[in-house]
Amino acid sequence: MHIALSVQFGRDDQLIFCQQLGVDYALAQVDRCDEQTLIALKNRVERTGLRLAGIDGFVLTDLETAQRAVTAASTAGIDLISCTGITQPSSEPPQPIGRGGALSTPYNAPEIALSEEELRALARTAEDAGVRLAWSGFDALPGMGFDLSLDRLGDDPTAALDALAAPVYIARARNTQDGNTSFLDEGDVHIPRAIRALQRSGFSGPLLAHIPLGMAGDTEWGHKARAYDLGYLKAALQALQVK
């Protein structure tokens, strides 16, 4: 298990932020998943001394585009893609309902645009290419593992992990309180207990914080909130003696 940060390709300041916070792995969001772009992405991340854990937030819109992205990732030496569906924009703006009036953004579950037959075809392409696909939704999809939000694990994370129908490839620390996103150290889920359950389950992938809350005086990307979340996760891992 290793802490990672989700960054945007082309934002070198975010890679520097990783370095300054002592984070060695990055998942990257890209506008295009063609071979040239992904090779450039991997080279850029590695030139900063970081390791590229995978592609983040790839939207499954159609089978052909997804298959091309998988093939390009394989060629670039990238073996993990976090997949999501089409998410409808929320009609509600972020609400100041977090601790101290921190802004909480409403969460909408992604919608699957591919049929089951198309998902199986994509899974075959990924298997042949040696690329793992991690789905960020709630239900298991054919041939995919999970990009798992830890607030799904509830009061008994070990039992919840055992009940999953697919392996966990990516874990995201997220906590909720009364159904709304909260800071990691409050809310309905005991995050250190969830991390311990992940460790005992054999999880060895990237662990990163979910979309951060909006804090006073923060940047649009959320530098302050991300630093807070990463500090909390590093402290939790040290306390649990997770390497």
Side-chain angles (χ1 to χ4, degrees), residues 2-21 23-87 89 110-115 117-137 141-147 167 169-172 204-211 219-223 226 230:
H2 43 268
I3 293 179
L5 185 68
S6 180
V7 300
Q8 299 162 322
F9 179 42
R11 291 291 304 270
D12 286 355
D13 61 309
Q14 295 177 7
L15 296 177
I16 293 171
F17 191 65
C18 286
Q19 293 173 320
Q20 292 175 342
L21 291 177
V23 177
D24 297 325
Y25 292 81
L27 274 81
Q29 306 163 27
V30 289
D31 293 331
R32 300 184 307 276
C33 281
D34 58 272
E35 182 178 318
Q36 182 178 0
T37 299
L38 296 186
I39 290 174
L41 164 66
K42 192 168 189 291
N43 288 340
R44 184 60 191 145
V45 170
E46 291 181 347
R47 285 213 312 269
T48 64
L50 304 174
R51 296 183 62 179
L52 182 62
I55 298 169
D56 197 16
F58 178 75
V59 181
L60 297 175
T61 54
D62 64 88
L63 176 60
E64 185 177 348
T65 299
Q67 288 177 318
R68 286 201 303 266
V70 166
T71 301
S74 178
T75 301
I78 301 170
D79 68 352
L80 179 61
I81 301 177
S82 172
C83 301
T84 187
I86 299 171
T87 304
E111 299 177 1
I112 304 171
L114 274 60
S115 68
E117 181 179 353
E118 289 174 324
L119 289 169
R120 293 189 185 280
L122 176 60
R124 289 193 295 270
T125 300
E127 183 178 6
D128 292 341
V131 174
R132 295 168 297 152
L133 303 178
W135 172 242
S136 60
L141 298 186
M144 294 192 190
F146 278 113
D147 180 336
Y169 292 150
I170 300 170
R172 296 189 194 249
S204 60
L207 168 68
L208 61 160
H210 206 270
I211 299 172
T219 64
E220 182 178 354
W221 188 61
H223 285 78
R226 291 177 192 273
L230 286 168

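Start at 1 with the first residue, then count along the sequence. Quick caveat: nothing in here was measured; it's all calculated off a predicted structure.
- For the pair Arg51 and Tyr25, the cation does not sit on the ring face, since its NZ or CZ is not both under 6.0 Å from the ring centre and inside 45° of the axis.
- Side chains of Leu15 and Arg44 form a contact here, defined as non-hydrogen atoms less than 4.5 Å apart.
- Counting heavy atoms from C-beta outward, Tyr169 and Pro206 have side chains that stay 4.5 Å or more apart.
- A donor-acceptor distance shorter than 3.5 angstrom exists from the side chain of Ser74 to the backbone of Ala129, with no hydrogens or angles considered.
- Across every non-hydrogen atom of Leu63 and Ala121, the tightest pair is CD2-CB, 4.1 Å.
- Listed here is the closest heavy atom pair of Trp221 and Ser6: CZ2-O, 3.4 Å.
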With side-chain contact (heavy atoms from CB on, under 4.5 Å) as the test, would you mind laying out the steps for Arg226 and Phe17 before giving the verdict? CA-CA 10 Å; Arg226 291 177 192 273; Phe17 191 65; 4.2 Å; yes
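- Between His2 and Val23, every side-chain heavy-atom pair lies at or beyond the 4.5 Å cut-off.
- With rounding to the nearest 0.5 Å, the separation of OG1 in Thr37 from CG in Asp34 is 3.5 Å.
- Residue Ile55 holds its CD1 atom at 7.0 Å from CG of Leu41, rounded to the nearest 0.5 Å.
- To the nearest 0.5 Å, the span separating OG1 on Thr65 from CZ on Arg68 amounts to 4.5 Å.
- Proximity of Leu207 to Arg172: side-chain heavy atoms (C-beta onward) are nowhere separated by under 4.5 Å.
- Proximity of Val131 to Ile78: side-chain heavy atoms (C-beta onward) are nowhere separated by under 4.5 Å.
- Smallest separation of non-hydrogen atoms from Ala72 and Cys33: CB-O, 3.3 Å.
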Do Asp128 and Thr125 pass the side chain to side chain donor-acceptor pair (under 3.5 Å) test, and can you show the C-alpha distance, the side-chain angles, and the key distance before you say yes or no? CA-CA 5 Å; Asp128 292 341; Thr125 300; 6.0 Å; no
Step by step, would you call Asp62 with Glu118 a side-chain contact (heavy atoms from CB on, under 4.5 Å)? CA-CA 8 Å; Asp62 64 88; Glu118 289 174 324; over 6 Å; no
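- Closest approach of Asp13 to His223, counting heavy atoms only: OD2-NE2, 4.1 Å.
- Counting heavy atoms of neighbouring residues, nucleotides and ligands inside a 6.0 Å radius, atom CD1 of Ile39 exceeds 12 of them.
- Rounding to the nearest 0.5 Å gives a distance of 6.0 Å between CG of Leu114 and CG of Leu60.
- By the 4.5 Å heavy-atom criterion applied to side chains, Gln29 and Val7 are not counted as neighbours.
- Distance check: Leu133 CG to Leu141 CG gives 9.5 Å after rounding to the nearest 0.5 Å.
- Residues Ala76 and Lys42 approach most closely at O-CD, 2.9 Å, considering heavy atoms.
- Residue-environment remark: CD (Glu46) exceeds the threshold of 12 foreign heavy atoms within 6.0 Å.
- Tested against Cys18, the residues Leu50, Ile3, Val45 include a single side chain to side chain contact (heavy atoms under 4.5 Å, CB included) partner, Leu50.
- Distance alone, capped at 3.5 Å, is enough to place a donor-acceptor pair between the Ser136 side chain and the Cys83 backbone.
- Look at Asp147 and Arg132 and you find no salt bridge, because none of the NZ, NE, NH1 or NH2 atoms lies under 4.0 Å from a carboxylate O.
- Heavy atoms only, all atoms of each residue included: Leu208 and Leu27 are closest at CD2-CD1, 4.4 Å.
- We find the CG-CD1 distance between Leu80 and Ile170 to be 4.0 Å, quoted to the nearest 0.5 Å.
- The backbone N or O of Thr48 lies less than 3.5 Å from a partner atom in the side chain of Gln19, making a donor-acceptor pair.
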Starting from the C-alpha separation in whole Å, work towards a yes-or-no answer on salt bridge (Lys or Arg N to Asp or Glu O under 4.0 Å) for Arg47 and Asp12. CA-CA 11 Å; Arg47 285 213 312 269; Asp12 286 355; over 6 Å; no
